[in-house]
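Quick caveat, the model's predicted, so the values are computed rather than measured. Order of appearance sets the numbers: ligands from 1, and atoms from 1 within every ligand.
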Amino acid sequence: MHDGHNRQISYLRVSVTDRCNFRCVYCMPEQGVKLLRHTEILSYEELLRIIRVVSEHGVSKIRLTGGEPLVRRGIVGFIRNIANLNAVTDISLTTNGSLLAGMAAKLKEAGLNRVNISLDTIEPDKFRKITYGGNLAETINGIKVALAVGLTPIKLNVVLTNIITEHDLAYFVDLVHREPISIRFIEYMPIGESQACPGPGIEEIKDKINSFGKGILKPTLNIHGNGPAKYFYLPQAKGSFGFITPISEHFCGVCNRIRLTADGKFKPCLLSNQELDVKTALRQGASDIEIAELFYQTIADKPQGHTLANAGGQAKFFRQMSQIGG
Ligand code: SAM
Ligand code: SF4
């Protein structure tokens, strides 16, 4: 299925909950957000029906996100049901990693293919501060167990804020030498009321990585499920680095995704307030064809590109990142 700008839409990112056990400074306001009531979020049956319908109309890749997807009870069984859909060939999940160690084996067995794990610093105090109480050791352990059970290829998401240090970068360089992990630096997006100080630019990070004496970054292609990141490798490293630049060099021209929020709205673009209400349709008895029509309408509504950089980062979004899923 192609949109009006000839982009093939094959990927649905599903936010299964707006709840989270962290409160990262770049994602939620300090005082937290008003949480959805249980009846406001889509049940697993409703989510599965939407996923089944869109999979019959060209979507083969599903990513589960949140909030923190692993805090929603029943997630393992839900993944097993998605894995049973014939047209879905790739199921991935984005997590803060805090609950992953205890769940990774069950998630893998249920049919989850791979995980992206958020890790902004490897300094325990800074980690606790940026996540508002997170325990670094749990996330590191989550990464280790995910590798061990084969939830691979693993990608680590690092949002570029001013907390990142040379010590963090040296650790990441060492990690990609040892493990087949992709470390992806993501430019901070000023969404909602979140507060974070943007960090170094991508070129600065590349220069720093090049300065550690482990070789010079070279561009590469063909990272499985590579999405919008541009990937680079260091000689002899098992892993790679990715750079995601929604602000300085947006990648809207290759965007292949639609989003579904936990409260049942299709979103054609992360950086847009536009939404289509699939939950109300579903609860009023919509047929599969009517759900598919909403999906097609969302694809038709996909803007050619977002305007955040043009707006000087001043665009107003009524949702927090934690309510959309990143
Ligand atoms: N809780 C999970 C996690 O943290 O990985 C999944 C949800 S989180 C909203 C998804 C991704 O969005 C994370 O990798 C997070 O770092 C990223 N993210 C959140 N707020 C962001 C922002 N303002 N700018 C850039 N990335 C952001
Ligand atoms: Fe929670 Fe993920 Fe947002 Fe951090 S980035 S507050 S872990 S949803």
Side-chain angles (χ1 to χ4, degrees), residues 13-33 35-36 62-72 75 92-100 103 107 112 114-121 126-136 138-139 142-143 146 151 154-164 168 182-202 227-229 242-248 250-251 257 259-262 267 270-271 306 308-309 313 315-317 319-326:
R13 287 179 76 109
V14 181
S15 172
V16 297
T17 179
D18 61 332
R19 289 168 195 257
C20 188
N21 52 350
F22 285 5
R23 202 185 295 162
C24 301
V25 290
Y26 46 70
C27 184
M28 286 196 200
E30 204 177 326
Q31 68 278 17
V33 285
L35 293 172
L36 295 166
I62 303 293
R63 174 171 296 278
L64 304 178
T65 175
E68 173 49 43
L70 298 185
V71 302
R72 183 158 176 186
I75 189 81
S92 57
L93 178 138
T94 304
T95 173
N96 62 33
S98 58
L99 302 171
L100 189 55
M103 298 177 74
L107 291 164
L112 184 68
R114 56 202 175 90
V115 284
N116 288 7
I117 304 164
S118 299
L119 177 68
D120 300 309
T121 175
K126 285 189 173 173
F127 185 86
R128 194 175 309 114
K129 205 165 164 206
I130 200 166
T131 59
Y132 212 81
N135 178 340
L136 175 68
E138 287 172 354
T139 294
I143 296 169
L151 282 172
I154 289 180
K155 294 175 187 156
L156 301 189
N157 288 344
V158 184
V159 177
L160 284 173
T161 65
N162 63 348
I163 66 146
I164 194 160
D168 295 319
S182 280
I183 298 182
R184 307 171 338 143
F185 297 99
I186 306 174
E187 284 176 347
Y188 164 66
M189 290 175 267
I191 284 194
E193 297 158 41
S194 60
Q195 295 294 324
C197 291
I202 297 292
F243 297 92
I244 304 184
T245 55
I247 308 294
S248 66
H250 74 66
F251 36 78
R257 59 199 61 184
R259 291 176 160 78
L260 178 62
T261 64
K267 276 185 84 69
L270 170 66
L271 296 171
H306 75 73
L308 193 57
K316 285 275 170 276
F317 297 101
R319 283 184 188 266
Q320 308 299 319
M321 193 68 105
S322 60
Q323 297 171 319
I324 313 172

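Between K129 and I163 the shortest side-chain heavy-atom distance does not fall below 4.5 Å. The shortest side-chain heavy-atom distance between D120 and I164 does not fall under the 4.5 Å cut-off. With a 4.5 Å cut-off on side-chain heavy atoms, N116 and S92 do not count as touching. Between T121 and F127 the shortest side-chain heavy-atom distance falls below 4.5 Å.
Within ligand 1, the atoms closer than 4.0 Å to a non-hydrogen atom of N157 are 14 (O), numbered from 1 in the order shown. If you number the atoms of ligand 2 from 1 as listed, the ones under 4.0 Å from a heavy atom of G67 come out as 8 (S). Heavy-atom proximity to N96, at under 4.0 Å, picks out these atoms of ligand 1: 2 (C), 3 (C), 5 (O). Remark: ligand 1 atoms within the under-4.0 Å shell around heavy atoms of T65 are 6 (C), 7 (C).
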(request) Output, in order, the C-alpha distance, side-chain angles, deciding distance and verdict of side-chain contact (heavy atoms from CB on, under 4.5 Å) for I75 and M103. (result) CA-CA 10 Å; I75 189 81; M103 298 177 74; 3.6 Å; yes
(request) Check the pair L107 / L70 against side-chain contact (heavy atoms from CB on, under 4.5 Å), numbers first and verdict last. (result) CA-CA 10 Å; L107 291 164; L70 298 185; 3.9 Å; yes
(request) Please assess E68 against T95 for the test side chain to side chain donor-acceptor pair (under 3.5 Å), listing each intermediate value before the final yes or no. (result) CA-CA 6 Å; E68 173 49 43; T95 173; 2.7 Å; yes
(message) As a quick check of understanding, evaluate side-chain contact (heavy atoms from CB on, under 4.5 Å) for L136 and L119, giving each step before the final call.
(response) CA-CA 9 Å; L136 175 68; L119 177 68; 3.6 Å; yes
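Note: an N/O pair closer than 3.5 Å links E68 and ligand 1 by distance alone. For ligand 1, none of its N or O atoms has an N or O atom of N116 under 3.5 Å away. The shortest N or O to N or O distance between G66 and ligand 1 is not under 3.5 Å. In terms of N/O distances under 3.5 Å, ligand 1 is not approached by Y188.
The protein heavy-atom contact nearest to atom 21 (C) of ligand 1 is M321 CE, 3.4 Å. In this structure, the protein non-hydrogen atom closest to atom 16 (O) of ligand 1 is V159 CG2, 3.2 Å. Here the protein heavy atom with the shortest distance to atom 24 (N) of ligand 1 is M189 N, 2.9 Å. Among protein heavy atoms, the minimum distance from atom 3 (Fe) of ligand 2 is reached at C27 SG, 2.4 Å. Looking from atom 12 (O) of ligand 1 to the surrounding protein, the closest heavy atom is G326 CA, 3.7 Å. Looking at atom 8 (S) of ligand 1, its nearest protein heavy atom turns out to be G325 O, 4.3 Å.
Taking backbone and side-chain atoms together, C20 has no N/O/S atom less than 2.8 Å away from atom 3 (Fe) of ligand 2. Among the atoms of C24, none of the N, O or S atoms falls under 2.8 Å from atom 1 (Fe) of ligand 2.
Nearest-residue assignment for atom 6 (C) of ligand 1 (options P198, C27, S118, G67; heavy-atom criterion): G67.
Taking the six-membered ring for Trp and thresholds of 30 and 60 degrees, F243 and F185 have nearly parallel ring planes, at less than 30 degrees apart.
Residue N157 is tested with I117, I183, T94 for a side chain to side chain contact (heavy atoms under 4.5 Å, CB included); the sole match is T94.
Contacts of D120 with ligand 1, taken as heavy-atom pairs under 4.0 Å, are absent altogether.
Closest heavy-atom contact between G66 and S15: CA-OG, 3.6 Å.
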